[in-house]
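Structure record follows, encoded as structure tokens.
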Amino acid sequence: MIKPLVCALVGPTASGKSAAALAVARALSMEIVSADSMQVYRGMDIGTAKSTQAERALVRHHMIDVADPGQKYTAARFRQEGALAIAEILARGNVPLVVGGTGLYVSALLDGLDFAQAQGGGEERERWEKYLAQNGASALHGQLRERDPKSAEKLHENDTRRVIRALEVYDITGRPIGERASFAQSFYDVRMAGLSLNREQLNLRIDERVDAMMRAGLEAEARALLQKDLQTAAQALGYKELFEVFRGDASLDEAIRHIKTRTRQYAKRQMTWFKRDVRIRWFDALDPHVEAKLMEYFAET
RNA sequence: GCCUUGGUAGCUCAGUCGGUAGAGCAGUAGACUGAAAAUCUACGUGUCGGUGGUUCAAUUCCGCCCCAAGGCA
């Protein structure tokens with residue numbers, strides 16, 4: 001069986017993924033599948049650096065504006081809907097280009113992480129959260145060690161979020177969290193490219209981009225979200241720092257500085273995530289011919 | 001000009017009743033399978049403003065000088 005080609009372009013924020021993807025997708029008859037945990041939300045355009053409507057008219061984009069900021073969007077839902085989008089693109093005879101900086105979401109799509117077997121956030125989760133509050137992280141970790149020693153060994157006891165998830169999966173499936181099968185990998189022929197640039201250059205670009213976002217009206221956009229009861233969208237960089245200003249807990253200058261710092265830290269985490277993926281072929285984001293080189297790489301037969 | 005209070009890690013500061021010092025933030029590296037722009041882990045030598053003095057020993061006590069903030073003139 002011939003596996004369909006699925007391309008991907010990854011990299012830290014502000015590395016120029018969107019612009020490069022647009023050029024490449026136009027030239028190669030591709031459709032873009034955004035793999036970004038915050039671009040899924042409507043009404044969060046400036047702060048998440050979404051492609052404009054004009055750009056989206058040139059190339060078909062997917063997985064953008066698919067949820068309300070008041071909703072709880074998750075990796076599992078993203079996997080499900082994203083896989084559907086890829087299937088449709090392939091059916092149309094086009095090549096999907098997965099573009100994004102959320103490592104888990106990229107992985108969910110390309111590696112078919114199978115979240116479906118163990119629904120999260122149910123009564124099991126509640127039970128373990130209560131257990132944590134009453135007995136502490138160490139005891140919680142001990143509970144996991146009794147059930148699933150292999151996962152317990154990999155997780156630090158303070159990483160309670162993951163410890164709880166591992167317990168939850170074990171409760172529901174009776175199996176360790178790491179043992180669930182990946183399947184999509186066998187369905188796609190994955191070709192990944194990454195955009196990289198040195199830290200100083202990246203930091204400079206981040207600073208400039210945050211300033212540009214402020215000029216473009218990020219403050220008003222954030223203020224408009226204030227009435228909504230944000231769930232996971234409340235974690236979005238740029239918004240949460242401005243909320244502090246609205247509440248009177250910080251000055252605007254402080255908030256802007258904070259946004260820049262937090263975005264730099266985020267970019268660093270993204271690089272750590274992607275660095276270990278050996279499938280990625282890295283391209284210099286500052287190379288004036290990156291786009292041509294990416295096209296060549298993705299068009300190889 | 002005089003008085004007061006400060007000058008300790010990139011930043012904000014703690015501390016040493018004399019035995020060369022430590023937190024938070026920042027930074028660096030890493031982890032990551034239904035919150036992931038989230039969450040978690042590891043990593044702390046800096047003429048303790050300068051210079052003389054007392055002392056076995058001073059960042060710590062004393063003198064002088066420099067700088068900053070406030071007060072009095």
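Letters A, B, ... mirror the listed sequences (proteins, then strands); counts begin at 1.
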Per atom distances to the A/Arg165 side chain, the nearest of B/G34, B/U39, B/U28 is B/G34
Is there, by distance only and without an angle test, a donor paired with an acceptor across the side chain of A/Lys268 and the base of B/A29 below 3.5 Å?
yes
Per atom distances to the A/Thr261 side chain, the nearest of B/G34, B/A29, B/A26 is B/A26
- Give me the ring orientation class for A/Tyr131 and A/Trp128: parallel if the planes are under 30° apart, tilted from 30 to 60°, perpendicular past 60°. perpendicular
Q.
Once you measure the plane-to-plane angle for A/Tyr105 and A/Tyr73, does it fall in the parallel (<30°), tilted (30-60°) or perpendicular (>60°) bin?
A. tilted
Considering only heavy side-chain atoms of A/Ala75, the closest of B/G34, B/A29, B/U39 is B/G34
Practice item. Determine: side-chain N/O of A/Arg269 to OP1/OP2 of B/A38, distance under 4.0 Å, yes or no. Key: yes
The Watson-Crick or G-U wobble partner of B/C48, with both key distances under 3.5 Å, is none
Suppose we call a contact any N or O donor and acceptor under 3.5 Å apart; does that hold for the side chain of A/Arg162 and the base of B/A36? yes
Out of B/A31, B/C40, B/A26, minimum distance to the side chain of A/His156 belongs to B/C40
When both distances are under 3.5 Å in a Watson-Crick or G-U wobble arrangement, the nucleotide paired with B/U16 is none
- Message: Between B/G52 and B/A14, how many Å separate the two C1' atoms, rounded to a whole number?
- Response: 29 Å
Applying the 3.5 Å cut-off to both distances, the Watson-Crick or G-U partner of B/G30 turns out to be B/C40
- Message: Both conditions, 6.0 Å and 45 degrees, for the charged tip of A/Arg223 above the ring of A/Phe246: are they met here?
- Response: yes
query: Is there a side-chain contact between A/Asp68 and A/Lys228, using heavy atoms and a 4.5 Å cut-off?
result: yes
> In whole Å, what separates the P atom of B/C56 from that of B/G71?
Replying inline: 45 Å
Heavy-atom nearest nucleotide on RNA chain B taken for A/Phe274 and for A/Tyr73; more 5' hit belongs to A/Phe274
If pairing means Watson-Crick or G-U wobble with both distances under 3.5 Å, then the partner of B/A69 is B/U4
Paired to B/C25 by Watson-Crick or G-U wobble criteria (both distances under 3.5 Å) is B/G10
Inter-nucleotide C1' distance (B/G1, B/C17), Å rounded:
36 Å
Discussion item. With a 4.0 Å cutoff (strictly under), does any side-chain N or O of A/Arg125 reach OP1 or OP2 of B/A35?
Written reply: yes
Considering only heavy side-chain atoms of A/Asn158, the closest of B/G34, B/U41, B/G30 is B/U41
